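Written out below as structure tokens is the structure these notes cover.
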Amino acid sequence: MIDPKLLRQSAADVAANLARRGFEFDADAYLELEERRKALQVETEQLQSERNASAKHIGKAKARGEDIEPLLAAVKDLGDRLEAGEKALQELQGQLRDIELGLPNLMSEDVPTGDSEDDNTEVRKWGEPPQLDFAARDHIELGESLGQLDFDAASKISGARFVVMKGQLARLQRALIQFMLDTHTSEHGYTETYVPYLVKPPALIGTGQLPKFEEDQFRTTDEPPFYLIPTAEVPVTNLASDVIFDADALPVRYVAHTPCFRSEAGSHGQDTRGMIRQHQFEKVELVQFVAPDASMDALEELTGHAEVVLQKLELPYRVVILCSGDIGFGSTKTYDIEVWLPGQNRYREISSCSNYNDFQARRMKARRRNPETGKPELIHTLNGSGVAAGRALIAVMENYQQEDGSIRVPAVLQAYMGGLEVIDASG
RNA sequence: GGAGAGAUGGCUGAGUGGUCGAAAGCGCUCCCCUGCUAAGGGAGUAAGGGUUAAAAGCCCUUCGAGGGUUCGAAUCCCUCUCUCUCCGCCA
């Protein structure tokens, strides 16, 4: 959520910033509602004040044993007027809040303007795509010929966009997850967390998926309304909801491995084959809570933590900064890390690292005590994949493939694979 | 699933219709005393919002959430959510 004060005072500036995203914010309509709210609120609070004063009066008169009938008569119609005013005010505030919850975050100045992912800017590149002296196969061909990825079996059970993994490939994904968790906890100072995979609406409102992106979620039940998490960002970031952190408690760094569930509504026809885009996938997620002035540095740092994973796996990648047309709803600045996939002969997203500044914090009332003023203030939240395990599996398969269709196990993963060096059809 | 108890400020915890935004303790901040990695004394210390250019001041809201009763609700009534205890079931 954008600071309502800023909306009031600088609606035009806000509209200009959001317009870079291609989002149209009707500042005039908002300000008009806001004008009405102001007038109505002042009036209503005035009535409330009157009621409080007269109630106090009556109480004192009664205590003295005086006749209170005339006093009661004097405030007879106050209640009705007050009720009408409060109701109208509530409705108006609800309308304003609906608008505010639907507004994306203000972007950082250094986010480049652009329409789509084609306009994202490369920031840096690491590693060189492997030079294979044979035709690169994609992960589907590799996995199926090994007999360890089975898309047909998955579709029989659950339909499109699912996979069944078996044998050493299934183990390889698990190894990737363990390796990533260990790296972030022991080398980057993150605390491992285990969190619920089903969440209630307020959690999704807090991180920004609701109310706007209901159709992207898997809703399980109506009463109570439980949603499958689309990312660990939701339960983990909500650990800060309604919390006031002590001044010295920040930064907080959490890492979690969870499955992620996405309806992929609106992505029909994209990446329909293989396990690039699934309804269910595994991800290791990094989340940070930081002081407001520390979030831009933290974003660089967090992105670096995700990069370390790919460096240790010796997977070539590049980092791009998302342009205004591609950046997520709640983010003020996002870096995507794209790993090289020989099977597609291109870089594909494997991590997305975002600074949300106070956007999520305002929604979920995540605060810290400012050491100078002693007053609570909104913290900044960040998150990033560190990294997506399913796509990491694909990347390892395609980058480490050999001519006979077997796959070498990256050095850092061998300890997690019982010393196994090569995955082949033997299982 | 059955029975019961509870939800109060950063934390613990009193408070059953007006004198309660709320005792007390802890924590924190400042001051005094002491002259030493201790103890003691005093003062202050909830959040959110409105008004304002901003601050001060003033006002409003908030004692899990939402309704209701009342001139007036932390306190009474209803619904819901969550937590805990016991029983049952169970990975």
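In what follows, chains carry the letters A, B, and so on, assigned in the order in which the sequence lines appear, proteins first and then strands, with residues in each chain numbered from 1. Since the model is a prediction, treat every value here as computed from it, not as a measurement.
Annotation: side chain to side chain contact (heavy atoms under 4.5 Å, CB included) contacts of A:Thr113 (sequence neighbours excluded): A:Arg20, A:Ser324. Residues that satisfy the salt bridge (charged side-chain N to carboxylate O under 4.0 Å, His left out) test with A:Arg81, not counting sequence neighbours, are A:Asp77. Here A:Lys5 pairs with A:Asp3, A:Arg8, A:Gln9 under the side chain to side chain contact (heavy atoms under 4.5 Å, CB included) rule; sequence neighbours left out.
Within a heavy-atom distance below 4.0 Å of RNA chain B, the residues of residues 357-373 of chain A found are A:Arg367, A:Arg369.
In this model, a donor atom of one side chain and an acceptor atom of the other lie less than 3.5 Å apart for A:Gln48 and A:Glu86. No donor-acceptor contact under 3.5 angstrom links the side chains of A:Ser295 and A:Asn357, judged on distance only. With hydrogens and angles left out, the side-chain atoms of A:Ser267 and A:Glu264 include a donor and acceptor closer than 3.5 Å.
Between the CG atom of A:Leu72 and the C1' atom of B:rC71 there is a distance of 5 Å, given to the nearest Å. If you take CD of A:Glu45 and P of B:rG50, they are 9 Å apart, rounded to a whole angstrom. As a whole-Å value, the separation of A:Phe245 CZ from B:rC28 C1' is 19 Å. Here the P atom of nucleotide B:rG48 and the CD atom of A:Glu377 are 11 Å apart, to the nearest Å. One can place NE2 of A:His57 at 15 Å from P of B:rU19, the figure rounded to the nearest angstrom. B:rC60 atom P lies 17 Å from atom CG of A:Leu40, rounded to whole Å. Between A:Asp80 atom CG and B:rU70 atom C1' there is a gap of 14 Å when expressed in whole angstrom units. The distance from atom CG of A:Leu6 to atom P of B:rA54 is 13 Å, rounded to the nearest whole Å.
Proximity of A:Ser54 to the phosphate of B:rC71: no side-chain N or O atom is located under 4.0 Å from OP1 or OP2. Between A:Arg8 and the phosphate of B:rG50, there is a side-chain N or O to OP1/OP2 separation shorter than 4.0 Å. Neither OP1 nor OP2 of B:rC28 sits under 4.0 Å from any side-chain N or O of A:Lys375.
Comparing B:rA46 with B:rU52, their C1' atoms are spaced 24 Å from each other, to the whole Å. On the C1' atoms, B:rC26 is 11 Å away from B:rG13, given to the nearest whole Å. Going from the C1' atom of B:rC78 to that of B:rA23 covers 31 Å, rounded to whole Å. With C1' as the reference atom, B:rU34 and B:rA39 are 9 Å apart, rounded to whole Å. Distance noted for atom C1' between B:rG68 and B:rG15: 23 Å (whole Å). Distance check on atom C1': B:rA7 versus B:rA14 gives 15 Å, rounded to whole Å. Rounded to whole Å, the P atom of B:rG42 lies 15 Å from the corresponding atom of B:rC33. For the C1' atom pair drawn from B:rG64 and B:rU75, the interatomic distance equals 16 Å after rounding to whole Å.
The main-chain N or O of A:Ala203 is found under 3.5 Å from a side-chain atom of A:Thr207 such that the two form a donor-acceptor pair. Checking side-chain atoms of A:Gln148 against main-chain N and O of A:Met165 turns up no donor-acceptor pair under 3.5 Å.
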For this session: Treat a base pair as Watson-Crick or G-U wobble with both distances under 3.5 Å, then lay out RNA chain B in dot-bracket form, 5' to 3', with | for cross-strand pairs.
Result: ((((((((.[[[..)..(.....]]]((((((.......))))))((((((.....)))))).[[[[[..)....]]]]])))))))....
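Comparing B:rG10, B:rU51, B:rC71 against the side chain of A:Ile244 picks out B:rG10 as the nearest. Comparing atom distances between the A:Gln90 side chain and each of B:rG50, B:rC71, B:rG67 picks out B:rG67 as nearest. Distance from the side chain of A:Ser49 is smallest for B:rC59 among the nucleotides B:rU19, B:rC59, B:rG49.
At a cut-off of 3.5 angstrom, the base of B:rG50 holds no donor-acceptor pair with the side chain of A:Lys38.
Nucleic acid contact for A:Gln46: none, since no nucleic acid atom lies under 4.0 Å from a heavy atom of the residue.
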So which protein N/O to nucleotides 61-65 of chain B N/O distances come out below 3.5 Å?
unit_1: B:rU61; atom_1: OP1; unit_2: A:Arg51; atom_2: NH2; d: 2.6
unit_1: B:rU61; atom_1: OP2; unit_2: A:Asn52; atom_2: ND2; d: 3.2

For nucleotides 78-84 of chain B, list the nitrogen or oxygen atoms of the protein found under 3.5 Å from its nitrogen or oxygen atoms, one pair per line.
none

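Ion pairing between a basic and an acidic side chain is recognised when a charged N comes within 4.0 Å of a carboxylate O; A:Glu301 and A:Arg253 show such pairing. Salt bridge A:Glu377/A:Arg367: absent, no basic N to carboxylate O contact under 4.0 Å.
Residue pairs meeting the ring pair (Phe, Tyr, Trp, His ring centres under 6.0 Å) criterion with at least one partner in residues 8-46 of chain A, sequence neighbours excluded, are A:Phe25-A:Tyr30. Applying the ring pair (Phe, Tyr, Trp, His ring centres under 6.0 Å) test to every pair with at least one member in residues 294-315 of chain A, sequence neighbours left out, gives these pairs: A:His188-A:His305, A:Tyr190-A:His305. Applying the ring pair (Phe, Tyr, Trp, His ring centres under 6.0 Å) test to every pair with at least one member in residues 354-390 of chain A, sequence neighbours left out, gives these pairs: A:Phe329-A:Phe359. Annotation: ring pair (Phe, Tyr, Trp, His ring centres under 6.0 Å) contacts involving residues 219-250 of chain A, sequence neighbours excluded, comprise A:Phe245-A:Phe289.
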Problem set entry | Stepwise side chain to side chain donor-acceptor pair (under 3.5 Å) check, A:Glu282 with A:His257 | CA-CA 7 Å; A:Glu282 305 297 309; A:His257 155 243; 2.6 Å; yes
Could you pull out every donor-acceptor pair under 3.5 Å between side chains of residues 382-396 of chain A and any protein atom, sequence neighbours left out?
unit_1: A:Asn383; atom_1: ND2; unit_2: A:Glu233; atom_2: OE2; d: 3.4
unit_1: A:Ser385; atom_1: OG; unit_2: A:Ser352; atom_2: N; d: 3.1
unit_1: A:Arg391; atom_1: NE; unit_2: A:Ile276; atom_2: O; d: 3.0
unit_1: A:Arg391; atom_1: NH1; unit_2: A:Glu349; atom_2: O; d: 2.8
unit_1: A:Arg391; atom_1: NH2; unit_2: A:Ile276; atom_2: O; d: 3.0

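Mapping A:Glu83 and A:Ala53 onto RNA chain B by nearest heavy atom places A:Ala53 closer to the 5' end of the strand. Residues A:Gly374 and A:Asp246 both approach RNA chain B. Their nearest nucleotides, taken by heavy-atom distance, put A:Asp246 toward the 5′ side.
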